[in-house]
Amino acid sequence: SNPGTASQPFLTIQKAMTVAQGNSLLNIGSTIIVQPGTYREPVTLMPSGGVLHAPVILQAATNGTATISGGDAWTNGWSLASGSTNIYQHSWTNNWGLSGVPSGWPTLSNITRRSEIVIVNGNLYTQVESLGAMSNGTYFVDETNRLLNVEHLAGVVQSNAFNEVSQRRSLLEVNNYNTGAVMSNVAVRGMDFRCAASLVESGAVRMINCKNVLYENCSFEFNNWTGLYIGATSNVTIRSTSADNNGTKGFEQYEVSSTVYDGVQTCFNNWRGALGQFYGWALAGSKLLHIHRGLFRDYISYSNIERG
């Protein structure tokens, strides 16, 4: 019920985005200032009718202090596995199973088709497929018994551990499925996006059928597949932004005209693919296909488990 002022802000980013969407349909621009914190919610800008022309800006109050996360903090509910001194268990209610594979793709191993993520004290743990395969810094999702099993890195004490577990597929979706109308003038500044349980060939953040798009001083990390996907869009600028430690790709652009990378970094990507020995094909620090008029300046890409 807050009015969305500095003294009485909206309590969710989605509420602010819904108001901004309504304003844009009336040709009124909006800037959403996101105060420091971690926002555990999916956010969409997907009008069911009309055309968005007036600017919609999503901006952290201070760069790097506002995060949209696909993970929840699991502090309570852990117990030692029966007969174990170092494997902790938590109830697991999702029934995600294996992600589908796009038509025409090669066969993917089961571990590459999974989408669960566990981050403990800021460290990404490694997913395995059985209790017997567990070792320090790993986790196993037992869907049969509906349990998440975690074995910590040496020195981590469960009672003091900060466990972040993926629970949402998408973090930000800007799209207009219903009308196909192009959405113009969308900017995102200073925001961090992490821990999305994205499906195979999907992105934590997706922008489709847009015009005049800016991402500046943002980061995309620890997402299961792609950090940022942009498709069927024109006039894109990605500036002073990083996409590191994502499951396969940092950035992907498809059928984009006039794109600029300026001070961009994509490093340490494809940990999900590497778990199942999935390399090549459609994977890279940044994958760009059917791009017209691209400028790449100060682009850094290293230590990907794949092409840069």
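Residue numbers count from 1 along this sequence.
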Ser109 vs Thr112, test: side chain to side chain donor-acceptor pair (under 3.5 Å). Steps then yes/no.
CA-CA 5 Å; Ser109 66; Thr112 299; 3.2 Å; yes
In terms of hydrophobic clustering (I, L, V, M, F, W, Y; side-chain heavy atoms under 4.5 Å; direct or indirect links), are [X] and [Y] co-clustered?
| X | Y | answer |
| --- | --- | --- |
| Trp74 | Leu153 | yes |
| Tyr88 | Leu147 | no |
| Val264 | Val213 | yes |
| Phe278 | Leu275 | no |
| Val156 | Leu80 | yes |

Are Tyr254 and Tyr229 close enough that their ring centers fall under 6.0 Å?
no
Ring centroids only, cut at 6.0 angstrom: are Tyr299 and Tyr261 within range, meaning strictly under it?
yes
Salt-bridge criterion met for [X] and [Y] (N-O under 4.0 Å):
| X | Y | answer |
| --- | --- | --- |
| Lys287 | Glu306 | no |
| Lys15 | Glu41 | no |
| Arg272 | Glu116 | no |

State whether the side chain of [X] and the backbone N or O of [Y] hold a donor-acceptor pair below 3.5 Å, judged by distance alone.
| X | Y | value |
| --- | --- | --- |
| Ser24 | Gln21 | no |
| Thr248 | Trp225 | yes |
| Thr237 | Leu214 | no |
| Asn2 | Pro9 | yes |
| Gln14 | Thr44 | yes |
| Ser84 | Asn86 | yes |
| Asn269 | Asn246 | yes |
| Thr233 | Ile230 | no |
| Asn224 | Ser198 | yes |
| Ser258 | Ser234 | no |

Contacts of Ser170 that satisfy side-chain contact (heavy atoms from CB on, under 4.5 Å) - sequence neighbours left out:
Glu173
With rounding to the nearest 0.5 angstrom, report the [atom1] to [atom2] distance, [X] to [Y].
| X | Y | atom1 | atom2 | answer |
| --- | --- | --- | --- | --- |
| Thr67 | Asp192 | OG1 | CG | 4.0 Å |
| Tyr215 | Phe251 | OH | CZ | 10.0 Å |
| Leu148 | Glu143 | CG | CD | 11.0 Å |
| Thr226 | Leu199 | OG1 | CG | 11.0 Å |
| Phe193 | Ile68 | CZ | CD1 | 4.5 Å |
| Thr75 | Asn160 | OG1 | CG | 11.0 Å |

Cut-off 3.5 Å, side chains only: do Ser184 and Asn212 have a donor facing an acceptor?
no
Compute whether any side-chain donor of one residue and acceptor of the other, for Thr126 and Thr138, lie under 3.5 angstrom apart.
no
Kindly state each residue pair satisfying salt bridge (Lys or Arg N to Asp or Glu O under 4.0 Å) with at least one member in residues 217-240, sequence neighbours excluded.
Arg194-Glu221, Glu216-Arg239, Arg239-Asp262
Please work out whether the ring planes of Tyr302 and Phe268 are parallel, tilted or perpendicular, with thresholds of 30° and 60°.
perpendicular
side-chain contact (heavy atoms from CB on, under 4.5 Å) between Val43 and Thr12: does it pass, once the steps are laid out?
CA-CA 9 Å; Val43 179; Thr12 66; over 6 Å; no
Starting from the C-alpha separation in whole Å, work towards a yes-or-no answer on side chain to side chain donor-acceptor pair (under 3.5 Å) for Glu252 and Ser286.
CA-CA 6 Å; Glu252 180 173 1; Ser286 187; over 6 Å; no
Applying salt bridge (Lys or Arg N to Asp or Glu O under 4.0 Å) to Arg169 and not counting sequence neighbours gives none
